[in-house]
Amino acid sequence: MQKYDPGTIEPKWVAAWEAEDLYRADDEDTSRPKFYALDMFPYPSGDLHMGHAEAFSGGDAVARFALMRGHNVLHPIGWDAFGLPAENAAIKRGIHPKEWTYANIDQQRSSFRRMGMSFDWSRQFNTCDPEYYRWTQWLFVRLFERGLAYRKLAPTNWCPKDQTVLANEQVINGRCERCGTPVIRKDLTQWFFKITDYAQRLLDDVDELVDWPDRVITMQRNWIGRSEGAAVEFEIAETGDKVEVFTTRPDTLWGVTFFVFAVEHPLVMKLAEAGGTAAEVKAMADALQATPLTNREQAESREGVPLGVHVVNTVNGEKVPCFVAPYVLMEYGTGAVMGVPAHDQRDFEFARAHGLPIRVVVQPEGEPRDAETMTGAYDHEGVMVNSGPFDGVRSPESVGAVTKWLEEQGKGRAAITYRLRDWLISRQRYWGAPIPIIHCEDHGEVAVPEADLPVLLPDDVDFRLGGESPLARHDGFVNVACPTCGKPARRDTDTMDTFVDSSWYYFRYCSPDDTAEPFEPDRVARWMPVDQYTGGVEHAILHLLYSRFLTKVLHDMGMVGFTEPFPRLMNQGQVIFGGASMSKSKGNLVEAMPFVERWGSDALRLTILFAGPFGDDIDWKLIAPDHLHRRPAMNAWLGRVHAAVSEATERDASQPEELTRHTHRTIKAVTEALERFRFNVAISKLQVLTNGIRSTLERGEGARDAASALVQMLGPFAPFMAEELWRDALGNGKSVHVSSWPSFDPELAREERVTLVVQVDGKVRDRLEVDAAADEATCRELALASENARRFVDGRQVRQVIVRAPRLVNIVTSG
RNA sequence: GCCCGGGUGCCGGAACGGCAGACGGAGGUGCCUUAAAAGCACCGGCCCGAAAGGGCGUGUGGGUUCGAAUCCCACCCCGGGCACCA
């Protein structure tokens, strides 16, 4: 008998599967139900590491399971190939980003092949291919036409190191997500996608996400950040200017004792001049402009500068002083807030710092607060006081009552504010899809006509860092005729955020060779929505939100008939090392291929999927630290499977019923575990069955049927071993991966003999073997007759006997 | 601060409210081997006990229940997300 050698088995089947075209999704076949199994496509930076191995082992198991259950499976792969890492790596190495990117893609592709992933390779594409980004640009133009792509001067997050603007989402704790450099503020004209138009729908349609992890849904909700309240109009006493504020607490309007503007508020300089404080205000504005956003955000000081003017409190006519302070942000609400120190902690601190009055207008019942002695704001429920007509009104009703009154008085209205901002998509970098816009002196922003797409990214560009987009330095790219009038004009020199590329790639897989449109609506209708999306939780917000947004836009354009692309989402955990996330810079990145070469792809998949629940993080250091020297348990198990199955096929003896029952129980358990992505549990059941087969063989009995089922169930986890045994040892002609997933007979899956646990007062005192069909009376009788139990019952009075036939009897005594 | 997760042997982890620790790892003992590795067999929560057996055990404290790792309340600790959001 031959020993298990993955090094010869695995490459052999890679070649066979490709020759047989085993994993091609069939666009025409409607006899089988479709199943779109999507894995978040990888970024081609270096070769595959253990994080890839985890994500794709899980995704591949899902796809293979669906295939064996009779689905027509679409399981595609591609590369998210534009973006900063490629550009940075290229600058560092002095080569072209294209070269670096395509080399990495080649390497990852060959590694995926070696691992035997069940991808339909005929659909592969890269987002940096002109055939792909042509359609990214096409989508940009469609959004532009619909008013969903627009340019505005905006304070941006600027990374001084990467020399580019970052989206809010790419700023982590005030630092650049990529390089960790503190981000500073810079006002630039930028392209945005108007995702805020879809804020409410993005929130509402969360209901259509039938199977997403709760935490991801929560993150999406928090990111959209809907707040309900009121918009109230105030008037500046000295100038008559009107100012609107948003508040979630209109019931505290009578407690307003001051008013604060953000420095960027359009009225600020005018008011400062009127109030005679222009110099101080200008100084503060300049200081803030030069201050990195980090410092501004972390400032806990309540500094502020008086504007020298007053605002008239809309509800009672009182005049209160106005200030400019950094704690008020132009980006949220209206950029101006009413100061209610008694009921907002920030306002409280500001009032104390500037000697402003504090007025309690909401009193907690039972323990009234006193402005003099308060040590912090009271921001909970209570009864309104000092509030004119509203004295005595209780929260939470008070908020609605005041809002209604404001509307009647024409002083305000109910309002909703979202935390979500528009999506900043322009990048002043080279390695991305050029924005297909031409700037004409006479016609402004003109979209590149569809026939002229793609706007090719020129190869001969000096892409090293500079203050502006590298494309701006390429005259041949920049200078172009206006599509409308033909006069000399300039191309837009920004490129698109890579999140734009990745927000629609799953549509392209449905018809990847389409040269007339981004995707064929009929094919998309055929394959989408995605049946199971697998990927990392690091994309819980950005990628998923953008994809959901774009799908809704395409829906509104009449191109797709659904509004959510991924109703089911599964997040794998991260593979970490020694408690820290793996990264090249930390030097703890564990690459996948050395393991594969040494012990096989099957062993790697099993090691990772067996390590714990799929959604939990895996610490490689704890799971297989010394894997290149020590034989992994999964490789050893596969060796035993190989030996046992081979032996089972050579034996004529009949299979004992006990093993048949065990097999059916295992099929049931593994099927259920796979349906819920409980790979670790499924694999453990397969190991138990292996042990059962081995002891059966040891007793000289047969195990062919059990072995056959085991091999099939191994398919999603260890595709090579399964195939080898299925075709070679078991002698089947067609691939195990297109065989029908084994079914179980519920009658056989039920245990025949079970352990009846006998408890006395809740403690286990005996275990009896009984027929699984034993009824309540029988169990009760057997339990009461048990020697071991009686030793604890004697001398006591039996008060109650709980029977859960055939598993448990609890004899409850007293005394 | 707010919002999510999660605390089970030495380790990864199992466990429809009903035998806690399945299945593995690390370790130990034995077999095989000149030897090592590999393989195979057995042991493996803690305490008492020679054993039979008993007691204690799922972060802490309480509660519900015949019965709680599991349900409820409070607290402690760890991880993640958001964070001057008006």
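For the numbers below, each heavy atom of this structure counts, side chains included, while hydrogens, waters and symmetry mates do not.
Of the possible polar contacts, one joining the A:D602 side chain to the A:M721 backbone as a donor-acceptor pair under 3.5 Å is found. With hydrogens and angles ignored, the 3.5 Å screen pairs a side-chain donor or acceptor of A:K411 with a backbone N or O of A:T314.
For the P atoms, the distance from B:G54 to B:G21 is 16 Å, rounded to whole Å. Taking the P atom of each, B:A51 and B:G57 are spaced 23 Å apart, rounded to whole Å. If you take atom P in B:G53 and the same atom in B:G62, they sit 32 Å apart, rounded to whole Å. With both ends at atom C1', the span from B:G81 to B:C75 equals 24 Å, rounded to whole Å. Comparing B:A22 with B:G80, their P atoms are spaced 30 Å from each other, to the whole Å. Between B:G63 and B:U70, the two P atoms lie 14 Å apart (nearest whole Å). Between the C1' atoms of B:U8 and B:U58, the separation comes to 4 Å (whole Å). Nucleotides B:C40 and B:G24 have their P atoms positioned 11 Å apart, rounded to a whole Å.
Ring geometry for A:W423 against A:Y546 counts as parallel: the plane angle stays under 30°, on a 0 to 90° scale with 60° as the upper cut.
Set against B:G24, B:G81, B:A14, the side chain of A:M219 has B:G81 as its closest nucleotide. Among the nucleotides B:A86, B:A38, B:G54, the one closest to any side-chain atom of A:Y332 is B:A86. Minimum atom distance to the side chain of A:L622 is reached by B:G12, of the listed B:G24, B:G12, B:G54. Ranking B:C40, B:G12, B:C82 by closeness to the A:I541 side chain, first place goes to B:C82. For A:A633, counting side-chain heavy atoms from C-beta on, the closest listed nucleotide (B:A22, B:C19, B:G25) is B:G25. The side chain of A:P613 has B:A14 as its nearest neighbour among B:C66, B:C85, B:A14. Side-chain proximity of A:F246 to the nucleotides B:G55, B:G12, B:A86 is greatest for B:A86. Checking B:A86, B:C3, B:C19 against the side-chain heavy atoms of A:N222 singles out B:C3 as nearest. Distances were taken from every side-chain heavy atom of A:T218 (C-beta onward) to each of B:G55, B:A41, B:C3; the shortest belongs to B:C3. When distances are taken from the side chain of A:R346 to each of B:C19, B:C85, B:A41, the shortest belongs to B:C85.
The number of heavy atoms from other shown groups lying within 6.0 Å of CD (A:E538) is above 12. Within a 6.0 Å radius of CZ in A:R676, other residues, nucleotides and ligands contribute 12 heavy atoms or fewer. Counting heavy atoms of neighbouring residues, nucleotides and ligands inside a 6.0 Å radius, atom NZ of A:K668 does not exceed 12 of them.
No side-chain donor from either of A:Y378 and A:D344 sits under 3.5 Å from a side-chain acceptor of the other.
Base pairing of B:G1 is made with B:C82, judged by Watson-Crick or G-U wobble geometry with both donor-acceptor distances under 3.5 Å. When both distances must be under 3.5 Å, the Watson-Crick or G-U wobble mate of B:C40 is B:G30. With a 3.5 Å ceiling on both atom-pair distances, B:G17 lacks any Watson-Crick or G-U wobble partner.
Counting non-hydrogen atoms under 4.0 angstrom, A:R221 reaches nothing in the nucleic acid. As judged by a 4.0 angstrom heavy-atom cut-off over every strand, A:N691 is placed among residues touching the sugar-phosphate backbone only. Contacts of A:A624 with the nucleic acid, taken as non-hydrogen atoms under 4.0 Å apart, are absent. Among the protein residues, A:K763 comes within range of the sugar-phosphate backbone only, with heavy atoms under 4.0 Å from sugar or phosphate atoms but none that close to a base. Contact annotation for A:F259: no contact, since no heavy-atom pair falls under 4.0 Å across all strands. Using a 4.0 Å heavy-atom criterion, one finds that A:D344 contacts no nucleic acid atom at all. Residue A:I802 is classed as a base contact, given a heavy-atom separation below 4.0 Å to a base. A:T248 comes within contact range of the sugar-phosphate backbone alone, with a heavy-atom separation under 4.0 Å but no base atom that close. Looking at heavy-atom distances under 4.0 Å, A:Q759 makes contact with a base.
Between A:V681 and A:V337, the residue anchored nearer the 5' end of RNA chain B, judged by the nucleotide with its closest heavy atom, is A:V681. Comparing A:N680 and A:Q800 along RNA chain B, the residue whose closest nucleotide (by nearest heavy atom) sits nearer the 5' end is A:N680.
Because its glycosidic torsion is more than 90° from 0, B:G45 is reported here as anti.
Separating the CG atom of A:L545 from the P atom of B:G81 is a distance of 17 Å, rounded to the nearest angstrom. Between the CG atom of A:D379 and the C1' atom of B:A86 there is a distance of 12 Å, given to the nearest Å. For the pair A:R765 CZ and B:A52 P, the interatomic distance rounds to 16 Å; values are reported in whole Å. Taking atom CG of residue A:D619 and atom C1' of nucleotide B:G13, one finds them 14 Å apart after rounding to whole Å. Going from atom CG of A:N788 over to atom C1' of B:A52 covers 11 Å, rounded to whole Å. Separating the CD atom of A:E647 from the C1' atom of B:C40 is a distance of 14 Å, rounded to the nearest angstrom. For the pair A:K685 NZ and B:G24 C1', the interatomic distance rounds to 14 Å; values are reported in whole Å. Here B:G67 presents its P atom at 9 Å from CZ of A:R799, a figure rounded to the nearest Å.
A donor-acceptor contact under 3.5 Å is formed by the side chain of A:R804 with the base of B:G18. Side-chain N/O atoms of A:R694 and base N/O atoms of B:C40 include no donor-acceptor pair closer than 3.5 Å.
Separating the CZ atom in A:R750 from the CZ atom in A:F744 is a distance of 12.5 Å, to the nearest 0.5 Å.
Between A:S227 and the phosphate of B:A86, there is a side-chain N or O to OP1/OP2 separation shorter than 4.0 Å. Considering only side-chain N and O atoms, A:R791 lies nowhere under 4.0 angstrom from the phosphate OP1 or OP2 of B:G53. Between A:R807 and B:C16 there is no side-chain polar atom (N or O) within less than 4.0 angstrom of OP1 or OP2. At the phosphate of B:A86, neither OP1 nor OP2 sits under 4.0 Å from any side-chain N or O atom of A:R419.
Aromatic ring centres of A:H354 and A:F323: separated by under 6.0 Å.
Stacking of A:R765 on the aromatic ring of A:F792 is recorded, both the 6.0 Å distance cut-off and the 45° axial limit being met.
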